[in-house]
Undergrad: 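Below is a structure I'd like to ask you about.
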Amino acid sequence: MVIRGKQPSCSELFLLCLFLGLLLEAWAGKIQYMVPEETDKAFFVGNIAKDLGLQPQELTEHRVRIISRGRTQLFALNHRSGSLVTAGRIDREELCAQSVRCLVSFNILVEDKMKLYPVEVEIIDINDNTPQFQLEEVEFKMNEITTPGTRIPLPFGQDLDVGMNSLQNYQLSSNPHFSLDVQQGSDGSRYPEMVLQSPLDREEEAVHHLVLTASDGGNPVRSGTLRIHVQVVDANDNPPAFTQAQYHMSVAENVPPGTRLLTVKATDPDEGANGEVTYSFHNIDQKIAQIFQLDSDTGEISNKESLDFEEYKIYPMEIQAQDGAGLMARAKVLVKVLDINDNAPEVTMTSVTTAVPENFPPGTIIALISVHDQDSGDNGDTTCSIPENLPFKLEKLDDNYYHLVTERTLDRELTSRYNITVTATDKGIPTLSTETHISLKVTDINDNPPCFPQDSYSVFIPENNPRGASIFSLTAQDADTNENALVTYSLAEDTIQGAPLSSYISINSDTGILYALRSFDYEEFRDLHLRVMAYDNGDPRLSSNVSLNLFVLDQNDNTPEILYPALPTDGSTGVELAPRSAEPGYLVTKVVAVDRDSGQNAWLSYRLLKASEPGLFTVGLHTGEVRTARALLDRDALKQSLVVAVQDHGQPPLSATVTLTVAVADNIPAVLADLGSLEPSADPDSSGLTLYLVVAVAVVSCIFLAFVIVLLGLRLRRWHSSRLLQAAGVGLAGVPASHFVGVDGVGAFLQTYSQEVSLRADARESHVIFPQPNYADTLLSQESCGKSEPLLITQDLLEGKKEAFSQQAPPNTDWRFSQAQRPGTSGSQNGDETGTWPNNQFDTEMLQAMILASASEAADGGSTLGGGAGTMGLSARYGPQFTLQHVPDYRQNVYIPGSNATLTNAAAKRDGKAPTGGNGNKKKSGKKEKK
């Protein structure tokens, strides 16, 4: 009976194996190849140079070689073609026995890179072994009473090949009494059994001769035969029986040869020869049969050779017991080998470097170390260590390889040679270890750059220094010697205000002394940030740098510069206005100056150097504000000239002066008359602007005066058309008293036209503002009356109105100037030295108009202004506190037409006391003040 399967050819198997090898090439990060067994020497395995990413000629340059452990070198490198070839004949059965896959692992070392590339070559089986039986013939004894269906196990054949090349089927020669049945075990093995088909008859045939043929699946098919002799004997009805179906035994691998390991026992109840049992190995591996010995009479099993756990962990055996009549029984014996720590770790220096430069970075590979222990478990678990006080460490790789690397940068100046002891220790009991020594020399290089004692330097030099002067000296030290310690100096390239740094400072390359190439100006730049470089003469050259901050110290070499008022080229300055009604502390103007120096050299103080009227003005020491020191008097000149000195606090102190012209006036005509007396500015732009401003103010003033004259002419015409004194009340009866003031029967509107003229001596702009009419009493100042035509009022009008002066309201005690009503420059409302310049609203003209109206009221005597005696009607606008003591008496300049009499405070002179006042209109005065 034959059991067959499809048998592929050897070429098909070879191509299949190559294809599978290509698919599995990248598996697990290994380089994998396949090669059939029994090939000739130098048989091509794979292109190792291509797989390593190298050219064939680079194998020799990079010192590529094969590293294998514990066996004969099976492969070699062809450095000419870059191929991996076989080193000789390879027998798969010798290497891997019955393993399904036969893998040979080794490593490719690229020595100059200290890199390992694992390589795995699978040995492909070929059909080079014939199935064989352990015996050439076997003899069975069968009782003639053996019942049909009885199975007789036959010895199985062994084929050292694997896969399809291994044993595939059995065939039994034809016999009417016996047939073949092949059983398949759990491990895939096939066990032939001979089955009795029909009863035996010793008288008919005493011996049956059969042939069992075992065939493999190779191409061509190989087969082996076993001759079977079946002897028919008389009946034996009791076969032998083992005490156990399976025997287990554990034994240490270091037991000496000849040690009794185990005894099997089988019994047969028959008597005589039918009860005598003999023992023998059945279906046992040839290598195991060489190691163990079985006593056929006693069933005692002993070892003939030493056991090796690393070769076999379990030895399986099958023991057969047969009585004298030929009945048999079988039992399995499993001998388990216990590993002991009998192998010390093996340390191999695969690659080592004996000398390294001291500048090797941390992580540099010094040596490649291989550690291997043939034991298993804890006995084969190894650790590798080096002393802790060394600047090295071990990095574990795959397959118990270690890299000895530097843990930190080496310094030859500290240690020039290291003796490194590498210790490999396993974890068995007792612990076994192996030591190996590495001597490493550290070579010197230029690894110490020049060093400066400080991280940065600060140098202070005064400005206006002489050119070529030495300003500082730097020194750098180098820990190396000879040429490596020779230091040269230089400046890092930089630019300062568009010019190269080398045009400002130079350095002596040998001594490190810095020189100034030009005189420094603190106002041009205050500091320089340099970087000084120091180089040694090593190869390669090393350098270091240090930051040098050069600070220029200020010298008092700049005089204060006056910003306001600006200084024209002709030596004159602008005009500042100060009303005569200004109180002490009134802000007239402010001198603004700066100094280009810094620190104490730029601290400025102001003082009044010269004044046309000493004691009239003061200058703030630190603010430069020009204020009135006292109230302005009538005797004070209209034009005041001040010389203000501005001085710094340097050594020696420097100063500058400015001349101020202050015009003391209460009306625009007076200001214009004073401005006309001043010389024009030499600056064409400034003088032209001032001229336009003066012309504009003059035109506005002329229009205003013309309007007043026309209004007075119309009133005088009406006055002449009526009766002089009798019709005066009638002429004014139709007009509200608060809107008119009468002068000898002439009604005049009490409407003030105020112009705001803003003048700045240093500005090129000016503006004239015509605000809304202010309905109040309008008077002219003493200066204006002096420059204009006097009003002629008749004596009769003066006498007819005398009684009105005695009926005026008393002064209002709550009257005061608000800061907004004070005439002055822009920003003087707050009255503090640090405020902004006030806006001059020319309220003085309103005051002048009120004085004139009050004078007319006093002369008329019948006005409804409500002013008290001696107040000239001012209490109606400014409150009762504003009496004639604040304003000069201008009534002496008012004349009555047709008479040479002068309007005076007749009532006051007559009574010889201060006039009494009435109740001023406080509410009205307050509203006018706010407006």
Undergrad: Strictly distance-based, threshold 3.5 Å: is any side-chain N or O of Asp308 a donor or acceptor partner for the main-chain N or O of Glu253?
TA: no
Undergrad: Which pair of heavy atoms, one from Val121 and one from Phe106, lies closest together, and at what distance?
TA: CG2-CE2, 3.7 Å
Undergrad: Establish, for the pair Lys313 and Phe309, whether the NZ or CZ atom is under 6.0 angstrom from the six-membered ring centre and no further than 45 degrees off its axis.
TA: yes
Undergrad: Any donor and acceptor pair, going by atom type alone, linking the side chain of Thr86 with main-chain N or O of Phe43 inside 3.5 Å?
TA: yes
Undergrad: How about Asn341 and Ile429: do any of their side-chain heavy atoms sit closer than 4.5 Å?
TA: no
Undergrad: Within the distance-only criterion (no hydrogens, no angle test), does the side chain of Glu358 pair as donor or acceptor with the backbone N or O of Ile445 below 3.5 angstrom?
TA: yes
Undergrad: Hey, does Met249 have a side-chain heavy atom less than 4.5 Å from the side chain of Lys336?
TA: no
Undergrad: What's the spacing between Leu84 CG and Ile108 CD1 if we round to 0.5 Å?
TA: 6.0 Å
Undergrad: Is the shortest side-chain heavy-atom distance between Tyr418 and Pro391 below 4.5 Å?
TA: yes
Undergrad: Are Asp51 and Tyr117 linked by a side-chain donor-acceptor pair shorter than 3.5 Å?
TA: no
Undergrad: Any non-hydrogen side-chain atom of Val333 less than 4.5 Å from a side-chain atom of Phe292?
TA: no
Undergrad: Whether the side chain of Ser543 engages the backbone of Met533 through a donor-acceptor N/O pair (distance < 3.5 Å, no angle test) should be reported.
TA: no
Undergrad: State, yes or no, whether a side-chain contact exists between Ser503 and Leu517 at a heavy-atom distance under 4.5 Å.
TA: no
Undergrad: So, for Arg417 and Ser439, which heavy atoms are closest and what is the spacing to 0.1 Å?
TA: NH1-OG, 3.2 Å
Undergrad: Measure the spacing between CD1 of Ile496 and NE2 of His529 and express it to the nearest 0.5 Å.
TA: 9.5 Å
Undergrad: Can you find a side-chain donor-acceptor pair between Asn254 and Asp342 that sits under 3.5 Å?
TA: no
Undergrad: Indicate yes or no for a side-chain donor-acceptor contact from Asp536 to the backbone of Leu542 under 3.5 Å, with no hydrogens or angles considered.
TA: yes
Undergrad: Are Leu394 and Ile369 close enough that some pair of their side-chain heavy atoms sits under 4.5 Å apart?
TA: yes
Undergrad: CD/Glu37 to CG/Asp125 distance, rounded to the nearest 0.5 angstrom?
TA: 4.5 Å
Undergrad: Answer yes or no: is there a donor N or O on one side and an acceptor on the other, between the side chain of Thr60 and the main chain of Gln57, under 3.5 Å?
TA: no
Undergrad: Apply side-chain contact (heavy atoms from CB on, under 4.5 Å) to the pair Ile48 and Ile31, showing each step before the final yes or no.
TA: CA-CA 8 Å; Ile48 191 67; Ile31 302 175; 4.1 Å; yes
Undergrad: Evaluate whether atom NZ of Lys50 has more than 12 neighbouring non-hydrogen atoms of other residues, nucleotides or ligands under 6.0 angstrom away.
TA: no
Undergrad: With side-chain contact (heavy atoms from CB on, under 4.5 Å) as the criterion, how do Glu463 and Glu524 come out once you've worked through the C-alpha distance, each side chain's angles and the decisive distance to 0.1 Å?
TA: CA-CA 10 Å; Glu463 64 176 337; Glu524 182 179 355; over 6 Å; no
Undergrad: If you look at every heavy atom in Tyr522 and Asp554, which pair is closest and at what distance?
TA: CD2-OD1, 3.2 Å
Undergrad: With no hydrogens and no angle check, just 3.5 Å: does a side-chain donor-acceptor pair link His372 and Asn400?
TA: no
Undergrad: Any chance you could lay out the ring-ring contact (aromatic ring centres under 6.0 Å, His included) test for Tyr504 and Phe525, step after step, and finish with the verdict?
TA: CA-CA 12 Å; Tyr504 289 85; Phe525 54 84; 5.6 Å; yes
Undergrad: Do Asn448 and Asp480 have side-chain N/O donor and acceptor atoms under 3.5 Å apart?
TA: yes
Undergrad: Atom OG1 of Thr475 and atom CD1 of Ile513: how far apart are they, to the nearest 0.5 Å?
TA: 8.5 Å
Undergrad: Report yes or no: does Thr488 contribute a side-chain atom to a donor-acceptor pair with the main-chain N or O of Asp510 at less than 3.5 Å?
TA: no
Undergrad: What's the separation between atom CG in Leu368 and atom NE2 in His403, rounded to the nearest 0.5 Å?
TA: 4.5 Å
Undergrad: Would you call the rings of Phe460 and Phe551 parallel, tilted or perpendicular, where under 30° means parallel and over 60° means perpendicular?
TA: parallel
Undergrad: Evaluate Leu432 against Asp373 for side-chain contact (heavy atoms from CB on, under 4.5 Å), listing each step before the verdict.
TA: CA-CA 10 Å; Leu432 301 179; Asp373 196 330; 5.9 Å; no
Undergrad: Between Gln477 and Pro453 (side chain of the first, backbone of the second, donor and acceptor by atom type, cut-off under 3.5 Å), is there such a pair?
TA: no
Undergrad: More than 12 non-hydrogen atoms from neighbouring residues, nucleotides or ligands closer than 6.0 Å to CG on Asp455, yes or no?
TA: no
Undergrad: Are any non-hydrogen side-chain atoms of Leu109 and Ser351 less than 4.5 angstrom apart?
TA: yes
Undergrad: Among Asp161, Asn165, Asp91, which residue satisfies the side-chain hydrogen bond (donor to acceptor under 3.5 Å, both in side chains) criterion with Asn129?
TA: Asp161
Undergrad: Check the pair Asp527 / Asn549 against side-chain contact (heavy atoms from CB on, under 4.5 Å), numbers first and verdict last.
TA: CA-CA 7 Å; Asp527 54 19; Asn549 299 316; over 6 Å; no
Undergrad: Which distance, rounded to the nearest 0.5 Å, do you find between the CG of Leu261 and the CE of Met317?
TA: 7.5 Å
Undergrad: Identify the heavy atoms of Pro345 and Val371 that sit nearest to each other, and give their distance.
TA: CB-CG1, 4.2 Å
Undergrad: So Val119 and Phe75, do their side chains get closer than 4.5 Å, heavy atoms only?
TA: no
Undergrad: Is a donor from one side chain sitting under 3.5 angstrom from an acceptor on the other, for Asn343 and Asp375?
TA: yes
